[in-house]
Number of protein chains: 2
Amino acid sequence: MAKRVTAEDVARSAGVSKWTVIRAFTPGASIAEKSRLRVLEAAESLNYRPNLLARSLATNLTHQVAILVDDFKNPHKLPVLEILTWQLQSEGLLTVLININEHFDHVQALLDAGQRQVDAIILFGTAFRPEMLEDDRIQGGAPLYVLARDSQIPNVPAITCDTPLAMRELCEYFYSKGYRRPAFLSGAKTLSTALGRRRAFNAFWEAHGAKSVLGVSAASYSSGHGFEAARILFQETPREQWPDLLMCENDALAFGAIDYVRSTLKLRIPDDIAIAGFDNTPLAASPAYDLTTYEQPAIEMVTAILSMILGREPRENKAFRGKLISRSTA
Amino acid sequence: MAKRVTAEDVARSAGVSKWTVIRAFTPGASIAEKSRLRVLEAAESLNYRPNLLARSLATNLTHQVAILVDDFKNPHKLPVLEILTWQLQSEGLLTVLININEHFDHVQALLDAGQRQVDAIILFGTAFRPEMLEDDRIQGGAPLYVLARDSQIPNVPAITCDTPLAMRELCEYFYSKGYRRPAFLSGAKTLSTALGRRRAFNAFWEAHGAKSVLGVSAASYSSGHGFEAARILFQETPREQWPDLLMCENDALAFGAIDYVRSTLKLRIPDDIAIAGFDNTPLAASPAYDLTTYEQPAIEMVTAILSMILGREPRENKAFRGKLISRSTA
DNA sequence: TTTACGGTTGCTACCGGTAGCAAAATCTAT
DNA sequence: ATAGATTTTGCTACCGGTAGCAACCGTAAA
């Protein structure tokens, strides 16, 4: 592997000092046009590009942002990752994707990112225990942000979809269609409460005089577990109390629930029962499901987080209004 | 923001020189057990962690690998990203995820990654023009790898699923089921040829005496375009020549094709026509599709790329055998 | 001709580590 | 106790940039 070209090499070739070379690459630096061109030419012929690692060490800015993800099963992650990477890149920031799982926990990941001196850390929809973020070793590191769940932790802003509003929109829609026997199918416990969807759902129906709101919990946010949870719900509920509306905490769970209701129960959707999801994943639009769901305002959310990272806006919780996607399952 | 703790600070607090502190953090370094413990204690109380940026600058190793992705629409990307990030992390490497699109092209991304001194670059299923990689500015940078498509470029190893073998397995399966009028639905041109699936498919049927193999191309690898391409195929083909087998280049296309065939043509699958996909995305298993497909050996592929990055194995093309997933659509 | 001034250039010090040599400290054998 | 071997420690130089001061330059005003 050939030795890397440094500013020093270019300087020698252009007959100036290395600082003049640096200036040629620093926008707005004080340098004579004549020498700037000479340097640029020499740099071009030597194929020189400034070493961002060295720059980062000196400026204490890496222009790297770590994204922590713990659930790659949720297809909703992919489109958001696309928006995230793209918007970050537009501002000259690069994305460091960190996979959190039972072998590499949050604290570990956070410390790791910290050692790499990233400029910010985004916890993207991960199921962490809030206490964790108060760890001494984490305070004092890169600024933290929480994307797509709430945070409650001072100094860790959460950027979310406005869940109470979203649920109100959905429920008012269901209500106007005449559904009156609601049930909620939620996902993994730890994250579920942080999402607040069930809470908002229940609140609506209690305020609208529903005697009770059925509920069931899936082991994880996957279609398979959605199927399983739906099975439990219907098997453990007497037929005459079966819901006519099943709100699922996300699309994946809804797909599973639809599969169960259609294939095993042979119920008609939306006549016998309405089913809705959340996230508007690509598949929700497919004719096989054609799922009524709710789209999170991903672009606004990412834009907001970016403004905070860049210091253009104060670091504080923000919730954005999403969009009800009305299709044929409800 | 508090000043960062450096080895120097720890040294002062422990009453040794900064080099002794460094040694305490360097596995296998020559240091007395007594002073190692003293340093570790001081480091602990000051909450010191070595600065990996500075280390990278000095060692010329960042322990970062760039992954270039240009198609976030394909849900297959997510599980592979999970495997990639996880395996890289297990070896102490971090993933830099770079989004390639019309505004930020391959050359730009490659140069960007190069400036950041990443240890390796993986082109993950991206649709690049091979000439591009021969750009002077790119040669001499970090070692390149191509994942999940072929490469043809000397010194840029491609790690793939063994496509000819996969197609043979699939076709033999179809053949044994009695299907004899094959058609192929392919995706975006640039990538399609690099995948080689159509080629292998055609080769089989020509060898097995099929008069002709119908073919149609979708604008991109999405369900929507799959639907559209299926429409074109069936509308432009006289009814008596309709295929009884439609092999789609990936699952997303297959979902679209199934939707079209079911909802518009009202054909029965697999009785009137068999449809198969490729990749075994999570949704292929759902009862709504229950798609026969082929699973790429993602873990083996990632493991192979990792061994090459770590220098444990020579850099060379590798193809692995995947697995036929037989479900109800074929 | 001298002086003042703004643009330009070079310099030192520094970011926080690593590499490897040389001196110091400790241990072992005589 | 002492020489010799070995471990431990401190040091200089370096990775490739940045920051900001000081000197230099040519030119225009005095």
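On a predicted model such as this, the values are computed, not experimentally measured, just so you know.
- Y48(A) comes within 4.0 angstrom of sugar-phosphate atoms only, judged by non-hydrogen atoms across all strands, and of no base.
- Nucleotide dG17(D) holds its P atom 9 Å from the CG atom of L52(A), rounded to whole Å.
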Return the polar atom pairs (N/O with N/O) between nucleotides 6-9 of chain C and the protein under 3.5 Å, or none.
unit_1: dT9(C); atom_1: OP1; unit_2: S35(A); atom_2: OG; d: 3.0
unit_1: dT9(C); atom_1: OP2; unit_2: A32(A); atom_2: N; d: 3.0
unit_1: dT9(C); atom_1: OP2; unit_2: S35(A); atom_2: OG; d: 3.0

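- Applying the salt bridge (Lys or Arg N to Asp or Glu O under 4.0 Å) test to every pair with at least one member in residues 122-131 of chain A, sequence neighbours left out, gives these pairs: R129(A)-E131(A).
- For E313(A), the salt bridge (charged side-chain N to carboxylate O under 4.0 Å, His left out) test picks out K318(A), with sequence neighbours left out.
- Put simply, CG on L46(B) is 14 Å from P on dG16(C), counting in whole angstrom units.
- In this structure L61(A) satisfies the side-chain contact (heavy atoms from CB on, under 4.5 Å) test together with T59(A), H63(A), D119(A), sequence neighbours excluded.
- In summary, E91(A) and R312(A) engage in a salt bridge, as defined by a charged side-chain N under 4.0 Å from a carboxylate O.
- Remark: R55(A) engages no residue in a salt bridge (charged side-chain N to carboxylate O under 4.0 Å, His left out) (not counting sequence neighbours).
- The CZ-P distance, from R55(A) to dT18(D), rounds to 5 Å in whole Å.
- In this structure, K34(B) places its NZ atom 17 Å from P of dT7(D), rounding to the nearest Å.
- Whole-Å rounding puts the D9(A) CG to dC15(D) C1' distance at 13 Å.
- Taking atom CZ of R49(A) as the reference point, atom P of dG17(D) lies 12 Å away to the nearest angstrom.
- With sequence neighbours left out, the salt bridge (charged side-chain N to carboxylate O under 4.0 Å, His left out) criterion links D150(B) to no other residue.
- Applying the ring-ring contact (aromatic ring centres under 6.0 Å, His included) rule to pairs touching residues 85-105 of chain A yields W86(A)-H103(B), H103(A)-W86(B), sequence neighbours excluded.
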For nucleotides 12-14 of chain D, which of its nitrogen or oxygen atoms have a protein nitrogen or oxygen under 3.5 Å away, and what is each distance?
unit_1: dT12(D); atom_1: O4; unit_2: W19(B); atom_2: NE1; d: 3.0

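- Listed candidates were dG17(D), dG16(C), dT18(C). Nearest to the side chain of A54(B) is dG16(C).
- Look at CD on Q117(A): it is 9 Å from C1' on dG16(C), rounded to the nearest Å.
- The residue among L57(B) and T59(A) whose nearest nucleotide of DNA chain D lies closer to the 5′ end is L57(B).
- Every residue was checked against the salt bridge (charged side-chain N to carboxylate O under 4.0 Å, His left out) condition with E102(B), not counting sequence neighbours, and none meets it.
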Under 3.5 Å, which donor-acceptor pairs do the side chains of residues 14-30 of chain B form with other protein atoms, sequence neighbours left out?
unit_1: S17(B); atom_1: OG; unit_2: T20(B); atom_2: OG1; d: 3.3
unit_1: T26(B); atom_1: OG1; unit_2: I22(B); atom_2: O; d: 2.8

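- Rounded to 10°, the helix from dT1(C)-dA30(D) to dT30(C)-dA1(D) has 50° between the axis fitted to its first five pairs and the one fitted to its last five.
- Taking atom CG of N51(B) as the reference point, atom C1' of dT18(C) lies 13 Å away to the nearest angstrom.
- Residue pairs that meet the salt bridge (Lys or Arg N to Asp or Glu O under 4.0 Å) test with at least one member in residues 64-73 of chain A, sequence neighbours left out, are K73(A)-E82(B).
- E41(B) and R38(B) are not joined by a salt bridge, as no carboxylate oxygen comes within less than 4.0 angstrom of a charged side-chain nitrogen.
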